[in-house]
Amino acid sequence: MKSLAELQAIREQMKDKVVLREGTGDIRVVVGMATCGIAAGARPVLNAFVEEVNRLGLNNKVTVSQTGCIGICQFEPVVEVFEAGKEKVTYVKMTPEKAKDVVEIHLHGGKVINEYTITNHEA
């Protein structure tokens, strides 16, 4: 068994990762992590969201989570953003770089990046 000090050190190391599963924030980011999403690169996108939310100190405002198939596999990786009192925003064909933009411009700045949304992509 680990000592109390070792467990405390592990707890501190993992503190920034908690945003992935928990949170009471007003904004919820959901990354599609079914087989199709993972194959298209959703894992690095999910990691980028978690890292940027932590970097900008948005942990109390934003919760990042994962889900299974969102149902639009041709647009993977897919990310949905839910905000209280606002319409859901669906970002498609995401990359880690786009994820960083979404965190900074949309989640932090409040402006949807329309060029990344599903409404600007053809089926």
Side-chain angles (χ1 to χ4, degrees):
M1 179 173 226
K2 301 218 181 262
S3 72
L4 188 56
E6 287 176 296
L7 290 174
Q8 184 65 26
I10 291 170
R11 180 178 181 264
E12 288 303 313
Q13 270 183 326
M14 299 308 291
K15 201 175 190 178
D16 287 344
K17 305 266 188 253
V18 171
V19 72
L20 178 60
R21 293 185 186 90
E22 299 177 4
T24 56
D26 294 332
I27 302 172
R28 189 167 53 103
V29 176
V30 179
V31 180
M33 293 287 289
T35 306
C36 52
I38 292 169
R43 191 170 313 280
V45 169
L46 176 71
N47 291 338
F49 270 103
V50 171
E51 290 167 9
E52 285 299 297
V53 165
N54 286 324
R55 186 181 72 77
L56 292 176
L58 300 174
N59 310 50
N60 294 331
K61 180 181 176 184
V62 178
T63 303
V64 180
S65 62
Q66 57 188 36
T67 190
C69 185
I70 293 175
I72 48 175
C73 301
Q74 69 270 30
F75 295 112
E76 293 288 358
V78 176
V79 174
E80 295 180 323
V81 177
F82 299 90
E83 292 183 72
K86 295 185 180 179
E87 194 171 321
K88 170 184 75 173
V89 176
T90 302
Y91 289 109
V92 297
K93 298 186 179 184
M94 292 297 291
T95 64
E97 294 74 25
K98 287 180 178 179
K100 291 175 184 178
D101 291 344
V102 169
V103 173
E104 187 154 336
I105 296 167
H106 181 167
L107 306 181
H108 184 64
K111 186 174 187 298
V112 173
I113 305 173
N114 288 318
E115 63 202 58
Y116 295 173
T117 64
I118 193 164
T119 56
N120 287 322
H121 288 81
E122 294 181 21

Return the minimal non-hydrogen interatomic distance between [X] and [Y], and the atom names on each side.
X   : Y   : answer
R28 : S65 : CG-OG, 4.4 Å
I38 : M33 : CD1-O, 3.3 Å
V30 : Q66 : CG1-C, 4.4 Å
C36 : C69 : SG-SG, 4.4 Å
E76 : G32 : OE1-O, 4.1 Å
G41 : P77 : C-CG, 3.8 Å

Within the 4.5 Å heavy-atom criterion, are [X] and [Y] side-chain neighbours or not?
X    : Y    : result
I72  : I118 : yes
N120 : N114 : yes
F49  : V79  : yes
L107 : V81  : yes
V112 : T117 : yes
R55  : E104 : yes
E80  : V29  : no

In terms of hydrophobic clustering (I, L, V, M, F, W, Y; side-chain heavy atoms under 4.5 Å; direct or indirect links), are I105 and V45 co-clustered? yes
Passes side chain to side chain donor-acceptor pair (under 3.5 Å), N59 versus N54? Steps please. CA-CA 6 Å; N59 310 50; N54 286 324; 2.6 Å; yes
Among V50, N47, L46, T67, which residue meets the side-chain contact (heavy atoms from CB on, under 4.5 Å) test with V31? L46
What's the separation between atom CG in D101 and atom NE2 in H108, rounded to the nearest 0.5 Å? 13.5 Å
CD1 of I27 to CD of E83, rounded to nearest 0.5 Å, is 4.0 Å
Backbone N or O of A84 within a donor-acceptor pair of the D26 side chain at under 3.5 Å? no
For the rings on H106 and Y91, is their centre-to-centre separation under 6.0 Å? yes
Does K98 make a cation-pi contact with Y116 (under 6.0 Å, within 45 degrees of the axis)? yes
